[in-house]
Amino acid sequence: MKNKSRKGTKISRRGMLPLLGGGLLIPFLGFSNSDIDTNSIPEDEEFTTLLKADGTAVKIKTSTLNKSKIVKKNISNKSFLNWLGKKL
């Protein structure tokens, strides 16, 4: 009988397919950290959504907004756009 040793044989394309398929399934196994607290923000905190000068939305605590200093009240849209640096 012949002695079949695998030391000199190369891996064919057909033998490589299960390895590639197994490697593509690794992200779906889902290794997650269950000890991380996802609710780090207390539920009793209220947030208000405001717009920044570049047009992006930002969530700010309502208590911080109440403590803030008001520079000018009841400004018109035209002066607000000038303050933002936008042209009409």
Colleague: Can you see which heavy atom on S79 is nearest to which on S76, and at what distance?
Modeller: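 In this case the closest contact between S79 and S76 is OG-O, 3.0 Å.
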Colleague: Can you measure from CG (L65) to OG1 (T48) and round to the nearest 0.5 angstrom?
Modeller: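 Answer rounded to 0.5 Å: 5.5 Å.
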Colleague: Side-chain heavy atoms under 4.5 angstrom apart, residues restricted to Ile, Leu, Val, Met, Phe, Trp, Tyr: same cluster for F47 and I60?
Modeller: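 Each belongs to a different hydrophobic cluster.
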Colleague: How many angstroms lie between atom CG of N77 and atom CG of N82, to the nearest 0.5 angstrom?
Modeller: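 It is 11.0 Å, given to the nearest 0.5 Å.
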Colleague: So among K73, K78, K72, which one has a side chain to side chain contact (heavy atoms under 4.5 Å, CB included) with I75?
Modeller: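 Option passing the side chain to side chain contact (heavy atoms under 4.5 Å, CB included) with I75: K72.
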Colleague: So which atom in T49 and which in A57 form the shortest heavy-atom distance, rounded to 0.1 Å?
Modeller: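 Heavy atoms of T49 and A57 come nearest at CG2-CB, 4.0 Å.
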Colleague: Measuring from L50:CG to T56:OG1, what's the distance to the nearest 0.5 Å?
Modeller: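 Rounded to the nearest 0.5 Å, the CG-OG1 separation comes to 10.5 Å.
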